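For reference, the structure is listed below as structure tokens.
Everything numeric in this text was worked out from a predicted model, so none of it was measured. Counting begins at 1 with the first residue of the sequence.
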Amino acid sequence: MFADNWKISLRQVRRLLMLDIFGLSSLLLPGLLSSLTGGDGIFCLILGMAGGSLMLWLMQKNLQNAEGTYYDYMKDTVGQTIGDIFMIFYFLYFVTLCGFVLYQATLLVMTCLLPEGSYFWISVLLLLLAAYGTIRGIEGRARVYEIIFWFLGIPLLIMLFLALREVHTDYWTPVAASGVEMVVQKGIDVWIFLLPLAAVLFLKPFCRESEKLTLCGEGALIAVTLMNSLIYLILLGVFGKNTLGALKRPVITLMGMINLPGGFFTRQEVIMTAVWFFALFALMHTGVFQSTLILKELFHEPKNYYSMGISLFFAFFLGMAFFKNTVLLEVYESCQRWIVLPGMMGILLILLLAHRIRNGRREKKGGEETCGKSR
């Protein structure tokens with residue numbers, strides 16, 4: 001597990017990142033943006049993309065300075081103790097993300113696929129599958145999700161194309177009628193859904209052309225933003241602002257309303273639910289993989305089975321907590337807004353600044369030594 005003798009391509013990295021940020025954002029963002037007037041949600045999506053691009057730019061600047069892994073770079077730049085604190089922050093982010101996505105994926109299965117299913121056993125099964133995928137390593141994950149990407153992506157595009165005939169463009173108006181404060185707030189919400197791109201920081205040992213990792217992230221970011229914009233405009237044009245805000249999973253509801261030519265299949269929403277199920281599972285798997293990798297490096301564990309066990313335990317505990325007490329969802333949302341997002345950006349800025357100060361001191365010291373020798 002986590003052996004770097006098999007490296008994934010940039011194309012595979014891009015598709016992994018697209019699945020990571022598409023599923024949860026397309027499922028939940030339309031409802032969050034529906035409080036806006038008309039098509040102003042598009043401005044929020046663009047603003048969120050700008051925030052994601054800024055984060056990727058900072059990630060690129062830091063990765064350019066890293067000779068080894070991201071953890072080694074942090075230790076060399078800010079010291080062992082602070083580097084460990086930063087790693088714990090990333091661990092907590094990925095493991096809580098895994099718990100939240102586990103809750104959303106299990107709820108999706110219970111709502112659309114297995115209404116009589118048990119939350120406990122469904123979540124346990126999903127975590128066992130994620131554990132198996134983690135044991136197989138990133139290469140197996142890349143191969144499986146590359147197949148899933150095309151198998152599910154093409155039907156989704158076909159269904160969205162068929163939904164265009166149901167769109168009422170007058171529902172998109174008025175435009176630019178929302179307050180700037182509202183647009184900024186919702187833009188930050190969009191940005192939060194893009195934070196899983198932080199996984200790029202830890203993929204350097206697993207990628208063939210690691211210097212282009214952030215370009216993959218940028219490509220995934222643009223593609224997902226375009227897809228989410230299309231989905232939002234279609235949903236807004238079909239349901240209108242008020243109805244869209246009342247639906248829990250509007251894109252799933254839309255899939256059940258589309259009439260396929262010939263009427264030969266009447267429950268296509270069940271099949272299309274697989275698009276979001278696998279996308280959510282991909283993100284949940286990312287949470288398990290990244291949190292396990294982080295703990296492995298912190299504990300210097302040779303095999304990382306203990307690290308994976310700890311990550312799975314925390315993810316299950318958090319998912320069950322979200323299911324039993326939905327108030328925690330508001331706490332999670334507040335933490336993402338006020339702690340995780342500033343923390344992500346703060347760490348990248350601190351590392352970049354500390355590296356430049358450190359290099360400046362080295363150059364100054366080197367210059368003084370050269371001057372002393374010349375004398």
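Judged by distance alone, with hydrogens and angles left aside, the side-chain atoms of Gln12 form a donor-acceptor pair with the main-chain N or O of Ser9 at under 3.5 Å. Under the 3.5 Å distance criterion, the side-chain polar atoms of Asp20 are left unmatched by any main-chain donor or acceptor of Pro196. Side-chain atoms of Glu301 come within 3.5 Å of backbone atoms of Ser307 as a donor-acceptor pair (strictly under, hydrogens ignored). With hydrogens and angles ignored, the 3.5 Å screen pairs a side-chain donor or acceptor of Ser25 with a backbone N or O of Phe22. When atom types are taken as modelled, the side chain of Thr111 and the backbone of Leu108 share no donor-acceptor pair closer than 3.5 angstrom. Side chain of Lys204 to main chain of Ala66: a donor-acceptor pair is present (N/O by atom type, distance under 3.5 Å, no hydrogens or angles). At least one donor-acceptor pair under 3.5 Å links the side chain of Ser26 to the backbone N or O of Gly23. Judged purely by atom type and a 3.5 angstrom limit, Arg14 has no side-chain atom pairing as donor or acceptor with the backbone of Glu218. Between the side chain of Trp172 and the main chain of Leu236, no donor-acceptor pair closer than 3.5 Å is present. Panel note: side chain Thr77, backbone Met74; no donor-acceptor pair is recorded below 3.5 Å.
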Item to check | side-chain hydrogen bond (donor to acceptor under 3.5 Å, both in side chains) evaluation trace for Asp72 with Thr69 | outcome: CA-CA 5 Å; Asp72 292 333; Thr69 66; 3.0 Å; yes

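Within a 6.0 Å radius of CZ in Arg11, other residues, nucleotides and ligands contribute more than 12 heavy atoms. By the neighbour-count criterion of 12 heavy atoms within 6.0 Å, atom CZ of Phe314 is sparsely surrounded, having that number or fewer from other residues, nucleotides or ligands. Environment of NZ in Lys212: sparse, with no more than 12 heavy atoms of neighbouring residues, nucleotides or ligands closer than 6.0 Å. Sparse packing is recorded around CD of Glu333, with 12 or fewer heavy atoms of other residues, nucleotides or ligands lying under 6.0 Å away.
Within the 4.5 Å cutoff, side-chain heavy atoms of Tyr73 are placed close to those of His355. Inter-residue side-chain proximity for Leu97 and Tyr332 is flagged as met; some heavy-atom pair is nearer than 4.5 Å. Side chains of Cys216 and Val200 form no contact here, defined as non-hydrogen atoms less than 4.5 Å apart. Contact annotation: the side chain of Leu195 approaches that of Met344 to within less than 4.5 Å [non-hydrogen atoms, C-beta and beyond]. Side-chain atoms of Val340 and Thr96, non-hydrogen and from C-beta on, never get closer than 4.5 Å to each other. Between Leu126 and Met284 the shortest side-chain heavy-atom distance falls below 4.5 Å. Counting heavy atoms from C-beta outward, Asn304 and Thr134 have side chains that stay 4.5 Å or more apart. Looking at heavy atoms from C-beta onward, Phe193 lies out of side-chain contact with Ile21 at the 4.5 angstrom threshold.
Note on Ile350: it does not cluster hydrophobically with Trp338, by side-chain heavy-atom contacts below 4.5 Å among ILVMFWY residues. By the criterion of side-chain heavy atoms lying less than 4.5 angstrom apart, applied directly or through intervening Ile, Leu, Val, Met, Phe, Trp or Tyr residues, Leu10 is not grouped with Val224; the two fall into different hydrophobic clusters. Tracing side-chain contacts under 4.5 Å through hydrophobic residues (I, L, V, M, F, W, Y), one reaches Leu351 starting from Ile88; they form part of the same cluster.
Classification of Arg337 and Asp189 as a salt-bridged pair holds, one side-chain N sitting under 4.0 Å from a carboxylate O.
Between Phe281 and His285, the angle of the ring planes lies from 30° to 60°, which puts this pair in the tilted group.
Closest non-hydrogen pair, Leu63 versus Leu201, comes out as CD2-O, 4.0 Å.
A donor atom on one side chain and an acceptor atom on the other are found under 3.5 Å apart for Gln80 and Asp84. Neither side chain, Tyr103 nor Tyr119, offers a donor N or O lying under 3.5 Å from an acceptor on the other.
Figure legend: cation-pi geometry between Lys296 and Phe299 absent, as NZ or CZ is not positioned both under 6.0 Å from the six-membered ring centre and within 45° of its axis.
Between Tyr70 and Tyr90, the distance from one ring center to the other falls under 6.0 angstrom. The ring of Phe120 has its center closer than 6.0 angstrom to the ring center of Phe316.
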